[in-house]
Each structure stands twice: as C-alpha cells, then as structure tokens.
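Structure first, commentary second.
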Amino acid sequence: MALNIVLIEPEIPNNTGNIGRLALASGSHLHLVKPFGFEINDTRLKRAGLDYWQHLPVTYYDNIDDFFNKNKDKKMAFLSSHGNKCHWDIPFEDDMFLIFGKESVGLPKSINETYKNSLFKIPLYSDHVRSLNLANAVSIVIYEGLKQLR
C-alpha cells in the first residue's frame, strides 16, 4: 500500500522537510516539482526532515510538464481550496498521486481548470482561515487515504 505525495514548486523548506518525514512514516513516495523556493541542501529542509531524508524515496522533476509527461497514466487527485468535493471523497487507490500546490498560491489555475473533476479540498469551518499549512494539509489527506485503504 503506497501513496505518492507531489509538491508542485514548494517554497518553504521546513514544510518540505516535514512532508518528507511524513512520506517516510506513511510509506509514501515524495515527488518534488521544480522550481523550488529553496536549495535542496538547505539546512532548514534537512532539520525538519531530521536524519530521515537519506531513507526517503524522492523523485525530482524539472518542471510541471516533466512531471505530467512521466506520470500521464497515473491515477491523480488534486488538492485545492477551489475544489468542490471534500478530501474524504477522493477514490483512494494504491499508488495514487496526491498533488499539492505551492504555499503562496496553491495549484496553478491551468491545473485547477484542466483537472476540475479531480479537484478536492479540505473543508475549513472558519471564514477567517484561507487555507491550512501545506504540511498539515498533506498529513490530513495522506492519513485519510491510509485509513480508507487499510
């Protein structure tokens, strides 16, 4: 049982490090799509990922097109505050790709439009919150997927 966590152009090294640790703990594979808002050897990334990074399965992509070209036949779900369906309605499958956008703006508008039928959100119950921290959002979705797949 494995899920794939995809971060499109992550900007904050601490988030990526924490998500890397989560990926390893959950048996997931991490996919990182450039450009990054940090250097991959950033000490904040390593600190958040602790000494786990060396054990983590990670695949790097030069850009969004590279990612989609290499994974075009994969089952995917896209997470965005613009989704109309909730994350617990994702039809989770082994080896599914769960796609998350960058911290500042989320997924590119073109992805939200192209994949609108596969766009999911985590419900927020306060009008004072625009979105969740990326590492928290990934955690919520990964463990919902693991729960459904067990």
Side-chain angles (χ1 to χ4, degrees), residues 1-42 45-46 48-49 52-124 130-150:
M1 173 171 53
L3 294 170
N4 294 278
I5 300 167
V6 181
L7 303 182
I8 305 285
E9 301 177 4
E11 299 169 311
I12 301 174
N14 306 60
N15 280 338
T16 302
N18 283 317
I19 293 166
R21 188 187 322 187
L22 168 73
L24 186 59
S26 65
S28 300
H29 187 107
L30 182 60
H31 301 260
L32 299 176
V33 180
K34 296 177 184 177
F36 307 144
F38 52 88
E39 296 297 321
I40 203 64
N41 61 357
D42 190 300
L45 175 99
K46 301 296 183 189
Y52 306 121
W53 201 261
Q54 64 188 0
H55 306 292
L56 175 65
V58 184
T59 302
Y60 299 94
Y61 301 89
D62 290 330
N63 54 48
I64 292 173
D65 292 335
D66 183 33
F67 169 77
F68 282 110
N69 287 336
K70 290 178 178 169
N71 298 291
K72 58 184 165 227
D73 297 327
K74 301 292 186 178
K75 176 78 172 170
M76 297 184 188
F78 300 83
L79 283 296
S80 169
S81 61
H82 301 288
N84 290 320
K85 300 177 273 187
C86 290
H87 72 286
W88 48 69
D89 296 324
I90 294 172
F92 289 99
E93 297 178 13
D94 284 341
D95 201 37
M96 182 174 221
F97 283 66
L98 302 165
I99 320 294
F100 297 84
K102 60 179 148 181
E103 290 91 340
S104 62
V105 295
L107 292 171
K109 188 175 182 180
S110 60
I111 288 178
N112 286 342
E113 291 172 356
T114 301
Y115 298 97
K116 62 183 169 193
N117 292 329
S118 298
L119 199 62
F120 298 87
K121 66 180 177 183
I122 297 170
L124 302 175
R130 287 186 308 279
S131 63
L132 295 172
N133 169 275
L134 180 60
N136 291 338
V138 174
S139 298
I140 289 167
V141 174
I142 287 297
Y143 277 96
E144 177 64 25
L146 294 176
K147 181 184 115 185
Q148 290 187 29
L149 291 172
R150 66 180 172 119

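Surrounding CG of Asn84 are at most 12 heavy atoms belonging to other residues, nucleotides or ligands under 6.0 Å away. Annotation for Lys85: atom NZ counts as buried by contact number, over 12 foreign heavy atoms lying within 6.0 Å.
Interatomic distance, Asp94 CG to Lys75 NZ, rounded to the nearest 0.5 Å: 13.0 Å. One finds the SG atom of Cys86 at 10.0 Å from the CZ atom of Phe120 (value rounded to the nearest 0.5 Å). Rounded to the nearest 0.5 Å, atoms OG (Ser81) and CG (Leu124) are 8.0 Å apart. Rounded to the nearest 0.5 Å, atoms CD1 (Ile19) and CG (Leu24) are 14.0 Å apart. For the atom pair Phe78 CZ and Ile111 CD1, the distance stands at 6.0 Å (nearest 0.5 Å).
Taking the side chain as every heavy atom from C-beta outward, Ile8 and Val6 approach each other to under 4.5 Å. No side-chain heavy atom of Leu30 sits under 4.5 Å from any side-chain heavy atom of Thr59. Counting heavy atoms from C-beta outward, Lys102 and Pro10 have side chains that stay 4.5 Å or more apart. Side-chain contact between Glu144 and Phe92: present, with at least one pair of heavy atoms (C-beta onward) separated by less than 4.5 Å. A 4.5 Å side-chain heavy-atom check between His87 and Leu79 finds at least one atom pair inside the cut-off. Side-chain contact between Ile64 and Glu9 is present, with heavy atoms from C-beta onward closer than 4.5 Å.
Annotation: salt bridge (charged side-chain N to carboxylate O under 4.0 Å, His left out) contacts involving residues 52-62, sequence neighbours excluded, are absent.
Listed here is the closest heavy atom pair of Leu107 and Gly101: CD2-N, 3.4 Å. Pairing each heavy atom of Ser80 with each of Lys121, the nearest pair is O-CB, 3.1 Å. Closest of all the heavy-atom pairs between Lys147 and Arg150 is O-CG, 3.1 Å. Across every non-hydrogen atom of Trp88 and Pro123, the tightest pair is CH2-CG, 3.3 Å. Taking all atoms of both residues into account, the shortest heavy-atom contact from Ile142 to Leu3 is O-CD1, 3.9 Å.
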Cut-off 3.5 Å, no hydrogens considered: what does the side-chain donor-acceptor table look like for residues 131-138, sequence neighbours left out?
unit_1, atom_1, unit_2, atom_2, d
Asn133, OD1, Ala135, N, 2.8
Asn133, OD1, Asn136, N, 3.2
Asn133, ND2, Asn15, OD1, 3.1

>> One pair to check against ring-ring contact (aromatic ring centres under 6.0 Å, His included): Phe68 and Tyr115. What are the steps and the verdict?
In response: CA-CA 12 Å; Phe68 282 110; Tyr115 298 97; 5.5 Å; yes
> Checking side-chain contact (heavy atoms from CB on, under 4.5 Å) for the pair Met96/Ile90: CA distance, chi angles, key distance, verdict?
Replying inline: CA-CA 10 Å; Met96 182 174 221; Ile90 294 172; 3.8 Å; yes
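For Gln148 (side chain) and Pro91 (main-chain N/O), no donor-acceptor pair under 3.5 Å exists by modelled atom type. Looking at Asn71, its side chain does come within 3.5 Å of a backbone N or O of Phe67 through a donor-acceptor pair. Side chain of Lys70 to main chain of Asp65: no donor-acceptor pair is present (N/O by atom type, distance under 3.5 Å, no hydrogens or angles). Looking at Glu103, its side chain does come within 3.5 Å of a backbone N or O of Glu11 through a donor-acceptor pair. One N or O on the side chain of Asn4 and one on the backbone of Asp95 form a donor-acceptor pair closer than 3.5 Å.
Between the side chains of Tyr61 and Asn69, not a single donor N or O lies within less than 3.5 Å of an accepting N or O.
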